[in-house]
Number of protein chains: 2
Amino acid sequence: MRREGSAASPGVAAPEGVPSAGRSLRADAARNREVLLEAASAAFSERGAEVPLEDVARRAGVGIGTLYRHFPTREALVEAVFRHEVEVLVQSADELLATLPPEQALKQWMQLFVGHVATKRGMLAVLRPILVDNPRFSGETKGLVTEAATKILRAGIAAGSVRADVDGADLLRAVSGICMSTDEGNQEAANRLVGLLFDGLRRSPE
Amino acid sequence: MRREGSAASPGVAAPEGVPSAGRSLRADAARNREVLLEAASAAFSERGAEVPLEDVARRAGVGIGTLYRHFPTREALVEAVFRHEVEVLVQSADELLATLPPEQALKQWMQLFVGHVATKRGMLAVLRPILVDNPRFSGETKGLVTEAATKILRAGIAAGSVRADVDGADLLRAVSGICMSTDEGNQEAANRLVGLLFDGLRRSPE
DNA sequence: TATTATACGGAGGCTACCTCCGTTTAGCAA
DNA sequence: TTGCTAAACGGAGGTAGCCTCCGTATAATA
């Protein structure tokens, strides 16, 4: 954020290390990467995306050099955190469906979504330019989340407990609309609204 | 941009010194303020809004202390530059109308607009949050510019050289649309498109 | 167990931020 | 003109965050 150039067009590096691509990380490296992502996520949501990276490293219990090796710029870190959270959100759809009746899974997932958005508030100032400059990346993200929403919704519809005339994109629009119109502090308001929305989504007993 | 808090909600200070409000600045202060605004404008458009403020001060030929006295935060400076440029753009509408036939005034003003947007590109990363967080401010700005556009358009319509079925808001939408869809380097492309638009605005001889 | 590619960590140099206060000057009154 | 003073100037210097570099540690492999 200091030196010029980095802000211009970050470029969205290929998903680093862990999942696929190239040679996988050494065990300690993979561990540290994970720990860093979690520390960064917490730090960003508590103190905004301008939090000193040395604090993030300290919080993760690793040296600053390690942080920079994994994430050479603040943007790279922010992006990785975002990507990671999206992955978690998407995966949790499957997990919820595997352990709960579809209706409950839907409700919980909606609330998870609200939580994730709230967490990402602090990152927004840095995240927005990244998303704006990389329509492909933001498109993929949206696609993944929509897919998850669709899946969980379909399960409810199939079980007969959710009305059939909404799709994943609708659900996303509605929930993110609620998040957008709810500011900073009151996540509870958002949750209340999401509760209302959820009631509206259930198949009305007729 | 470093310390926390400032990024949160800058708050758009009352237009500092010069025009109305409070006691007016001492001559040297007013001069320096002006020089600083120009230096900042140039620096931002050349090197982006992250340019070191010491460079801006040096470029303006004043001490860093003077810069900070006038503009206590980077956001304040960016905002003042923006405000200043808008003023210039709005005033130039009157000046053009006073010295050129309405049709020519319109054309030149449209090109001026393109130039101003191009200049502000570098500031965007800092400017956007300010505008987003202060709908009133951005609303006023839009109002002023729309007003100027309307005035210059009406003059053309009255003179019979411009078609009568567009208003200021339309003009703005069209021109800023062109600016948005044209990227970084090629201001000439934008100017060409604006030329096309201008031809379309003239009253077709029938 | 020995070897080595990989990763760690943090000291330190660099740069930008921004305050503080001694110096300068515009504006005014006599 | 001269003297006075509130206002403004300017930049040295303290503070803090960025990021590189390289000696040390360790996981992976044979």
Side-chain angles (χ1 to χ4, degrees), chain A residues 1-8 10 13 16-18 21-37 39-40 43-44 46-78 80 122 125-126, chain B residues 1-8 10 13 16-18 21-37 39-40 43-44 47-78 80 125-126:
Chain A
M1 173 128 292
R2 186 65 37 69
R3 304 281 178 288
E4 19 182 332
S6 77
E16 199 168 332
V18 179
R23 183 158 63 278
S24 71
L25 294 175
R26 222 172 73 174
D28 50 352
R31 209 179 316 126
N32 279 338
R33 188 175 192 281
E34 208 67 15
V35 172
L36 275 167
L37 283 177
F44 289 155
E46 280 172 27
R47 309 182 43 198
E50 300 291 351
V51 66
L53 294 184
E54 330 237 31
D55 285 7
V56 173
R58 192 169 14 253
R59 183 168 195 152
V62 307
I64 185 65
T66 299
L67 185 152
Y68 274 99
R69 193 167 329 98
H70 283 285
F71 309 102
T73 66
R74 185 180 293 273
E75 282 74 28
L77 179 56
V78 167
V126 174
Chain B
M1 173 124 294
R2 186 65 40 69
R3 305 281 178 288
E4 22 185 328
S6 77
E16 201 170 328
V18 180
R23 184 159 63 276
S24 72
L25 294 175
R26 223 171 73 172
D28 51 350
R31 210 178 317 126
N32 279 339
R33 189 176 191 280
E34 208 68 13
V35 173
L36 275 168
L37 283 177
F44 290 155
R47 309 181 45 196
E50 300 291 350
V51 66
L53 294 185
E54 330 236 31
D55 285 6
V56 173
R58 193 170 13 254
R59 183 167 195 152
V62 306
I64 185 65
T66 300
L67 185 152
Y68 274 98
R69 195 167 327 100
H70 283 286
F71 310 102
T73 65
R74 184 181 293 275
E75 283 74 27
L77 179 56
V78 167
V126 174

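None of the values given here were measured: they were computed from a predicted structure. Order of the sequence lines fixes the chain letters, A, B, ..., with proteins taken first and strands second; residue numbering starts at 1 for each chain.
Following rounding to the nearest Å, A:Glu54 (CD) and C:dG13 (C1') show an atom-to-atom distance of 13 Å. If you take OH of A:Tyr68 and P of C:dA11, they are 16 Å apart, rounded to a whole angstrom. Nucleotide C:dT19 holds its C1' atom 14 Å from the CG atom of B:Leu53, rounded to whole Å. Residue A:Asp55 contributes atom CG, which lies 7 Å from atom P of D:dG17 at whole-angstrom precision. With rounding to whole Å, A:Arg58 atom CZ is found 12 Å from D:dA16 atom C1'. In this structure, A:His70 atom NE2 and C:dA7 atom P are separated by 8 Å, rounded to whole Å. Protein atom CD1 of A:Ile64 is 18 Å distant from nucleotide atom P of C:dA7, rounded to whole Å. Residue B:Arg33 contributes atom CZ, which lies 18 Å from atom P of D:dA7 at whole-angstrom precision.
Side chain of A:Pro52, nearest nucleotide from D:dC9, D:dG17, C:dC8: D:dG17. Considering only the side chain of B:Ala29, D:dA8 comes nearest among C:dC8, C:dC18, D:dA8.
By the 4.5 Å heavy-atom criterion applied to side chains, A:Arg47 and A:Asp55 are counted as neighbours.
For the atom pair CZ (B:Phe44) and CD (B:Glu50), the distance works out to 9.0 Å, reported to the nearest 0.5 Å.
Scanning atom types as modelled, one donor and one acceptor separated by under 3.5 angstrom connect the side chain of B:Arg69 and the base of D:dG10.
Between A:Asn32 and C:dA7 there is no side-chain polar atom (N or O) within less than 4.0 angstrom of OP1 or OP2. A:Thr66 has a side-chain polar atom (N or O) that falls below the 4.0 Å cut-off from OP1 or OP2 of C:dG9.
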Tell me, with the steps shown, if A:Phe71 and A:Leu37 meet side chain to side chain contact (heavy atoms under 4.5 Å, CB included).
CA-CA 10 Å; A:Phe71 309 102; A:Leu37 283 177; 3.9 Å; yes
Please lay out, stage by stage, how B:Arg31 and B:Asp28 fare under the test salt bridge (Lys or Arg N to Asp or Glu O under 4.0 Å).
CA-CA 5 Å; B:Arg31 210 178 317 126; B:Asp28 51 350; 5.8 Å; no
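Formation of a donor-acceptor pair under 3.5 Å by the A:Arg69 side chain with backbone atoms of A:Ala29 is not found in this model.
The heavy-atom pair separating B:Val56 from B:Leu67 by the smallest distance is CG1-CD1, 3.8 Å. Closest of all the heavy-atom pairs between B:Ala80 and B:Arg33 is CB-NH2, 4.3 Å. Of all the heavy atoms in A:Ala43 and A:Val51, the pair that sits closest is CB-CG1, 4.1 Å.
Comparing the end axes of the helix from C:dT1-D:dA30 to C:dA30-D:dT1, each fitted to five base pairs by superposing C1' atoms of four pairs onto the next four, gives an inter-axis angle of 10° (nearest 10 degrees).
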Which parts of nucleotides 24-30 of chain D does protein reach within less than 4.0 Å, heavy atoms only, written one letter per nucleotide 5' to 3' as B for base, S for sugar-phosphate only and - for none?
--BSS--
